[in-house]
Amino acid sequence: MVAAPSGHENWSSRGAFILAAVGSAVGLGNLVRFPAEAGTNGGGAFVLFYVFCVVLIGLPVLLSEVLIGRHGQAAAPISFRKIAEESGGSKAWGTVASLGVFSAFLVLSFYCVIGGWVLYYIGLFAQDIVASGATSGAFADQSFEQVDSYFGGMVSNGVATSVLDVGFVGITVFFVARGVSGGIEKVAVYLMPAFFFLLLGITVYGMFGGALSRTVDYLFTFEPDKLSGEVMLAAVGQAFFSLSLGVAGMVTYGAYVGRDVNLASTSGMIAGADTAVALIAGLCIFPIVFVAGLEPNGGLGLMFQTLPHAFSDIPFGTLIGLAFFIMVGFAALTSSVSLMEAPTSWAMERLGLPRVQAALGVSVAASVLGVLCALSTGSLSSFHPLGFIPMFEGMGVLDVLDTFTGKLTMPIGALLTAVFIGWVASRRLLDEENGLSGGLHRFWLFLVRWFCPLVLTLILFGGIFPETTGQMLGFLSGG
Ligand code: PHE
């Protein structure tokens with residue numbers, strides 16, 4: 001453990017920070033959300049615009065978040081307040097980060113529910129290997145309907161989903177409670193290389209199946225007329241979720257970064273790795289789906305229904321299926337750890353709690369909310385707590401949390417972060433911290449001052465009034 005000047009813990013090296021931040025970024029967003037969104041949003045048009053969003057919006061905001069944390073060396077709200085004070089801005093900026101910390105808590109609550117389902121599938125495939133060996137296709141002696149019913153059965157079973165959710169929260173807190181270098185960093189340092197190994201292994205396996213060229217066509221054929229307003233908004237939203245932005249998570253991780261680290265190049269590596277994983281995930285998943293003669297469907301069904309069917313049709317399907325869900329579990333865990341660390345560090349510094357108690361408190365609260373999600377997908381499926389608000393009409397708790405954070409609090413958090421760095425933080429401070437010089441420095445300032453706030457306002461507007469915004473953008477892009 002390396003003590004920082006303020007007495008709190010730091011990452012043991014730059015490499016450990018990069019792995020932890022990549023671990024936070026790479027998660028269900030890359031493996032489930034990205035392929036599904038690319039599939040339903042016109043393939044190549046979405047993918048190309050996504051990369052554009054990562055470079056011009058995601059990366060500048062990522063650098064801003066890490067910079068705020070590194071300068072503040074404290075929990076996110078305190079880091080914001082410190083920079084505001086040094087720059088002559090209002091102390092109220094601390095509240096922006098508090099909103100982020102709260103969003104991280106909300107995302108954590110439903111993320112662990114999905115993490116729990118991943119645990120269930122690991123169990124299913126492990127059981128299948130024991131029953132029918134590693135070489136056959138998965139669920140060889142079961143009917144299509146039977147394989148299909150696993151997902152529905154689990155989602156509608158509120159009690160089982162709750163138990164699995166609490167299990168996933170438990171695994172997460174086990175590491176968060178051990179601290180930055182003793183727990184959070186360890187998960188990333190061991191699991192991220194294992195993740196990459198599994199991802200590349202399964203991708204190479206899929207390439208031999210014969211559906212690679214169809215996948216490449218599907219993901220990368222650029223048809224400009226498909227670039228509608230809705231597709232653009234989906235791409236920007238996905239870039240945010242995938243880079244873990246707008247929830248104070250990267251500010252929190254930045255607080256453990258030493259003075260000697262160049263933040264610009266490190267942020268570039270994090271964003272690059274995250275984008276590479278999203279693209280490789282597409283090349284990993286679709287060949288398996290296509291070879292099995294299936295059509296990819298959107299949302300969680302792609303991972304929890306289509307893929308299990310696909311694994312039942314390929315040689316070594318049980319083994320590949322098990323490896324696949326273990327890989328997803330690793331990615332989800334390194335993300336949930338970062339989601340838990342943001343509120344935990346807040347509780348430690350604000351409420352003066354020791355780390356273990358802070359992490360346990362966050363876990364109990366997230367479990368309560370998670371159980372509510374579980375019950376509302378199961379026995380309380382007609383429970384629509386915020387159904388009177390049009391945006392949440394017909395939604396259970398899990399979907400309300402997903403929509404509320406994805407379409408409101410995350411873009412608001414990122415928008416305010418860009419405004420804070422672009423307009424409030426002193427130039428001298430930015431100069432000292434950001435690791436950029438010359439034209440790139442000016443370009444970054446332009447992006448955080450003008451471009452990011454503008455585009456983020458549009459995403460927010462688009463999240464709240466999808467139809468009007470979709471039409472406006474469609475009109476502008478000629479689609
Ligand atoms: N980026 C993570 C993913 O892609 C999700 C996440 C969002 C993690 C926000 C931390 C903070 O799954």
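Order of listing sets the numbers, starting from 1, for every ligand and every atom in it. Keep in mind the model is a prediction, meaning the values are calculated, not measured.
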Give the atom numbers and elements of ligand 1 that come within less than 4.0 Å of a heavy atom of [X].
X	answer
Asn30	4 (O)
Val247	9 (C), 11 (C)
Ser338	10 (C)
Ser24	1 (N), 2 (C), 8 (C), 10 (C)
Ser242	1 (N), 4 (O)

Report the part of [X] in contact with ligand 1, treating N, CA, C, O as backbone and CB onward as side chain, heavy atoms under 4.0 Å; options are side chain, backbone, both, neither.
X	answer
Ala25	backbone
Phe241	both
Ala332	neither

4.0 Å heavy-atom contact, Gly249 with ligand 1: no
Contact with ligand 1 for Val107, non-hydrogen, under 4.0 angstrom: no
Lys/Arg N to Asp/Glu carboxylate O, Glu65 vs Arg70, below 4.0 Å: no
Short N-O contact, Glu433 and Arg259, less than 4.0 angstrom: yes
Aromatic Phe174 / basic Arg178 pairing, under 6.0 angstrom, 45° off normal: yes
Within 45° cone of Trp93 ring axis and under 6.0 Å: Arg81 NZ or CZ: no
Geometric class of the Phe46/Phe34 ring pair [parallel <30°, tilted 30-60°, perpendicular >60°]: tilted
Pair Phe290 + Tyr218: ring centers closer than 6.0 Å: yes
Tyr150 and Phe304 aromatic centres sub-6.0 Å: no
Nitrogen or oxygen of Met410 less than 3.5 angstrom from that of ligand 1: no
N or O contact, Gly29 vs ligand 1, cut-off under 3.5 Å: yes
Among all protein heavy atoms, pick the one closest to [atom] and tell me residue, atom and distance.
atom	answer
atom 6 (C) of ligand 1	Ser244 OG, 3.7 Å
atom 12 (O) of ligand 1	Tyr111 OH, 2.6 Å
atom 11 (C) of ligand 1	Leu339 CD2, 3.3 Å

With Phe325, the ring pair (Phe, Tyr, Trp, His ring centres under 6.0 Å) member among Tyr120, Phe330, Tyr121: Tyr121
Exceeds 12 heavy-atom contacts within 6.0 angstrom, atom CH2 of Trp423: yes
Distance (rounded to the nearest 0.5 Å) between Tyr256 OH and Phe17 CZ: 12.0 Å
